[in-house]
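First the structure, in the form of structure tokens, and then the observations on it.
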Amino acid sequence: MSVRFLHTADLHLGSQLKTQHRQATESIKTLNSAIYTAIERLFDTAIDEDVDFVVIAGDLYDEDSRSVKANAFLKEQFDRLADRDIPAYVTYGNHDPVGSATTYVDLPDNVYEFDHEEPDEFHYPNEDSPEARIWGQSYRDRHESRSMYHRFTPADDRIPNIGVLHTGLNPDGRRYVPVARSDLESKDSIHYWALGHIHDPRIYENEQPVAYSGVPQGRQITEPGLGGGYLVELDADGDYEIEFVPTSPVVWRTVDVDVGNDDIASIPDIERRIEQRLEEFSAPTDLFDGNTVTVRDPDWGIDGYVCRWKLTGNGPVHETLSNDEEAIHELTRRLRDGLPSRRPFVWTEAVRDETGPPIPSIDDLCGSDRVINEYLELVGEPDGEEARDQYRDEVGMVWEAVKDHEDGRPDELSLTDDRLDDLIERAQERVLEELARRRAT
């Protein structure tokens, strides 16, 4: 016996995209409605695919942004499911805990809300003839220190059992349901873990999937790429198929733009280089490398991109940008005026200047300069995790690792492996640049 369902989470209804787009007359409607559009696409998918049920793993609303409009919109979507006899099983998370909930519009009878005091077990389609069990528990307050999962105790595993949690999978945390991934994987009677709280889609495949669906629509530059939800087909033998369905009309991107060529020296030159990068744009589809999850190419496309342009390279344009404090502001204004008319539109979130002054070619100096040769040998010596740990100690507490995106302080940046590698590479490049500059003078 198998069931087919839609797994989503972190709708964050009531919030807006965090970008200053008031002047983007051509794209303002799309940007303002992006979250609602993405959620409506999720429900369209559930209806078009005629799923058995829908699972929502917390944070339907965004803290104080729960409003009559958001509540009424969600009711309309659940009503659409009710018209097709599709139930929805809903848990509430840290942004919409039951203890602080305000209900403006009653939800229809096809919505089953998990209790916040004790775990709930719901049966699909009913308790007399169950084809699946769905276990879950909502947050009581903004922070939730109960592990919850260990009380998810299905009577047997003869039908698919689904566990629903809103958690950061941090066993040491005491704010967002402390639990380790291994704890969930040890619950043999649960065939699929439908998780919320982490905003990028990710999945851990072992004996049973432990899956974050991510946000349907990214709201800021730290939530890049495609948002969406999972279509899951699951049976009691542990066999499953998972398809990620993109729903976000707007995609956030940080784009490196190399402006280090000698022929790039002015603001218009940078604009032309950025437009060249735009020709290379395509929707990212490598979300689940190494997993069995497939990514759907939906009927709807991407309406627009919100981009942070990171200018890199060593060349004459560095002097243009560094000598005039208004240069970046003017470039940003010109990009915001000119790019939104493209299709898909492109809105500039920010421009970051990471350029450097022109330097002699390192390749020309290698082999002929003893100091540079010795430096290249030196940086090639440290290797392995021991060296990485030493680097972590050296960069200081400002780069303290943050295990949960909700726990980051304004003065604290999460030191991920990718960010550490980037720091190391940039530090080595800066030293090489300075050596080459000094050898040339």
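Checked for salt-bridge contact, D156 and R133 meet the test: a charged N lies under 4.0 Å from a carboxylate O. The residues D59 and R219 are annotated as not salt-bridged, no charged nitrogen and carboxylate oxygen being separated by less than 4.0 angstrom. In this structure, R202 pairs ionically with D200, as a charged nitrogen and a carboxylate oxygen lie closer than 4.0 Å. Here E275 does not pair with R272 in a salt bridge; the nearest charged N to carboxylate O distance is not below 4.0 Å. A salt bridge links E271 to R334: one of the charged nitrogens lies within less than 4.0 Å of a carboxylate oxygen.
The aromatic rings of H199 and H12 stand perpendicular to each other, their planes meeting at an angle above 60°, with 30° marking the opposite boundary.
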Run the numbers on K69 and E76 for salt bridge (charged side-chain N to carboxylate O under 4.0 Å, His left out), then give the verdict. CA-CA 11 Å; K69 176 184 176 181; E76 290 172 1; over 6 Å; no
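By the ring-ring contact (aromatic ring centres under 6.0 Å, His included) test, H329 pairs with no residue at all, sequence neighbours left out. Qualifying side chain to side chain contact (heavy atoms under 4.5 Å, CB included) partners for E118, counting only residues two or more places apart in sequence or in other chains: D115, R151. Residues that satisfy the ring-ring contact (aromatic ring centres under 6.0 Å, His included) test with F78, not counting sequence neighbours, are F43. For Y139, the ring-ring contact (aromatic ring centres under 6.0 Å, His included) criterion is met by H166, not counting sequence neighbours. Residues passing the ring-ring contact (aromatic ring centres under 6.0 Å, His included) test with H191: none are found, sequence neighbours excluded.
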Ignoring hydrogens and angles, write down the donor-acceptor pairs under 3.5 Å from the side chains of residues 46-57, residues two or more places apart or on other chains.
unit_1: E49; atom_1: OE1; unit_2: R4; atom_2: NH1; d: 3.1
unit_1: E49; atom_1: OE1; unit_2: R4; atom_2: NH2; d: 3.1
unit_1: E49; atom_1: OE2; unit_2: R296; atom_2: NH1; d: 3.0
unit_1: E49; atom_1: OE2; unit_2: R296; atom_2: NH2; d: 3.2
unit_1: D52; atom_1: OD1; unit_2: Y124; atom_2: OH; d: 3.2
unit_1: D52; atom_1: OD2; unit_2: R4; atom_2: N; d: 2.8

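Contact record, Y204 with E185: CB-OE2, 4.5 Å, taken as the closest heavy-atom pair.
Taking the six-membered ring for Trp, Y240 and Y192 have ring centres at least 6.0 Å apart.
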